[in-house]
Amino acid sequence: MKKSLWQIYSQKQLDELSHLTENYKAFLDAGKTERECVTEIIRQAELAGYKNINNVTQVKAGDKLYQDWMGKSIVLFHIGEEEIEKGMNILGAHIDSPRLDLKQNPLYEESGFAYLDTHYYGGIKKYQWVTIPLAIHGVVVRKDGSKVQISIGENEGDPVFVITDLLVHLSSKQMEKKASTVIEGESLDILVGSRPLVGEEKDAVAENIMNLLAYTYQIEKDDFMSAELEVVPSGRARDCGFDRSMIMAYGQDDRVCAYTSLAAMFDAENIKRTSCCILVDKEEIGSVGATGMNSRFFENAVAEMLEKMGNFTEMKLRRVLANSKMISSDVGAAYDPMYSDVYDKKSNPFFGYGMVLNKHTGARGKSGSNDANAEYIAQLRRVFDENEVKFQLTEMGKIDIGGGGTIAYILAQYGMEVIDGGVAVLCMHAPWEVTSKADVYEAYRGYKAFLEQMSEK
Ligand code: MN
Ligand code: MN
């Protein structure tokens, strides 16, 4: 086996690594939902000199622009000197993560307990979500259009919430069940109270909760109909291991690639081609909806930019997109020796050995994948080697075991070159996921080299 990144980094690189990963942890803490991520990204982008494209009338080389879509997805552009028709260098990651969403009529009472009913979002192992402290993040929009931001369960003094599990003493039947049914979707309701309102007879506990919500947030029961409240693990991103070589946090799929792509976008210097960073919602449920990658918001943002360059024609738009090159920044499944039988050691990524490139993703014979062109991979190898970026060409586990997809195939529809490239993750989609700090840093280095040096040919 080659050397681990930890064995080759200089002191300067190690210092850069720790600076980047501290900022990454702060980003994770600031954004536990797609909406919170977009708010934080806009804050950082404006500090870095980016302007909302809607407030700009003319666009020229050197300009830094962003457009957010419904506060859940965002595209950033840094305009290069090169003729835009020759294409852009695009990084695209997603900022939604698996979680539990509150249903639209969630509050109910049973046997002296008040619960909020949930419907899970994305691929989860349901049994992982019981008996851990949970927080609620999101928005409630009142009928008059006013909006309440909610984030409860993260600060030291905040209460947290929980999904109960059966005590082991009474679990002989439950323990016989398959892992997929041991906790059912309809049982993933979060416990939010047990104290009845004085003087109330019926549903006195739930009434008390509703009173507290009315008092704290000025919302009423019907307002849940127009709310997006997401239940996520409570707690901050932490260093993991005695050697602090890893990060344990919620939502690293795919905020690890979102953050490193964003940081590369901010730091890339002397770019020739226009740089673009897409940070998008809804990947975990199939890139659907107005804020998912299948929506036209990205194409529209490019059209908007061309229009403001005084340059828009339908033909130009198509050329810009077709001639672009993209890294679909998404995570890979790190080799886990505890579960070695599902991996092919020869083609799975290892912790601390660099950026993960996937020629193809998908399942059952590459179905649903993108399958990057050999010519493009060769070009990427040149860029990475020239910049001493370490990478691993990988797949997700053994062929017939499972698989997964990303947004790569959607951008490939424009005819552009696309490859999946990101960071290896342990226990992906679990409430707490683990990454290697070295791989986080190396992905950042790889994305930056790509933005600076990927060329037309
Ligand atoms: Mn992902
Ligand atoms: Mn995922």
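All values below come from the heavy atoms of this structure, side chains included, with hydrogens, waters and symmetry mates left out. Both ligands and their constituent atoms are indexed starting at 1 by order of listing.
Distances from the Mn ion (ligand 1) to each N, O or S atom of D253 single out OD1 as the nearest. Looking at D330, its N, O or S atom nearest to the Mn ion (ligand 1) turns out to be OD1. Checked against the Mn ion (ligand 2), the N, O or S atom of E284 at the shortest distance is OE2.
The two residues R255 and E34 come nearest to each other via the heavy atoms NH2-N, 4.1 Å. The nearest pair of heavy atoms linking I84 to T274 is CD1-OG1, 3.6 Å.
The ring of Y259 has its center no closer than 6.0 angstrom to the ring center of Y444. Y50 has its ring centre no less than 6.0 Å from the ring centre of Y66.
Among the backbone and side-chain atoms of H94, an N, O or S atom lies under 2.8 Å from the Mn ion (ligand 1). At least one N, O or S atom of H429, from either the backbone or the side chain, sits less than 2.8 Å from the Mn ion (ligand 2).
Of the residues N358, D420, N370, the one that meets the side-chain hydrogen bond (donor to acceptor under 3.5 Å, both in side chains) test with S328 is D420.
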